Amino acid sequence: MDKEKTFDEAMKDLEGIVQKLEQGDVPLEEALDQFQEGISLSRYCKRIIEDAEKTVTRMVNEDNSEEAADN
């Protein structure tokens, strides 16, 4: 990814990649590139979600002690 995307932008791009790959008429080289970009976007979204979970956990804890959000 060239620049930091918002979560919504990354999800929209990921959905576009999934739709394109599901059609099945993508040349192999392009499909591999799209798949690789999809993995990157998926990891990026996961990181954003994990950071948000940590923030919410900190905000909810009355004593400001951070609990692991490994669920």
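Please read all numbers here as calculations on a predicted model, not as lab measurements. For this chain, numbers begin at 1 and follow the sequence in order.
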- Item | Selection residues 13-29 - residue pairs positive for side-chain hydrogen bond (donor to acceptor under 3.5 Å, both in side chains), sequence neighbours left out | K5-D13, K20-E30

- Task: Working to the nearest 0.5 Å, report the span between CD of Q34 and CD1 of I39.
- Result: 12.5 Å

- Query: Where do I49 and F7 land on the side-chain contact (heavy atoms from CB on, under 4.5 Å) test, with the steps shown first?
  - Reply: CA-CA 9 Å; I49 291 170; F7 179 82; 3.8 Å; yes

- Query: Going from CD on E53 to OG1 on T57, what distance comes out if it is rounded to the nearest 0.5 angstrom?
  - Reply: 7.0 Å

- Message: To the closest 0.5 Å, what do you measure between CD (E37) and CG (D33)?
- Response: 9.5 Å

- Partners passing side chain to side chain contact (heavy atoms under 4.5 Å, CB included) against S42 (at least two apart in sequence or in another chain): L14

- Task: Sequence neighbours left out, what passes side chain to side chain contact (heavy atoms under 4.5 Å, CB included) with A31? Give chain and number order.
- Result: L21, V26

- Item | Q36, CD atom: more than 12 neighbouring heavy atoms under 6.0 Å | no

- Distance from L41 atom CG to E9 atom CD, nearest 0.5 Å? 11.0 Å

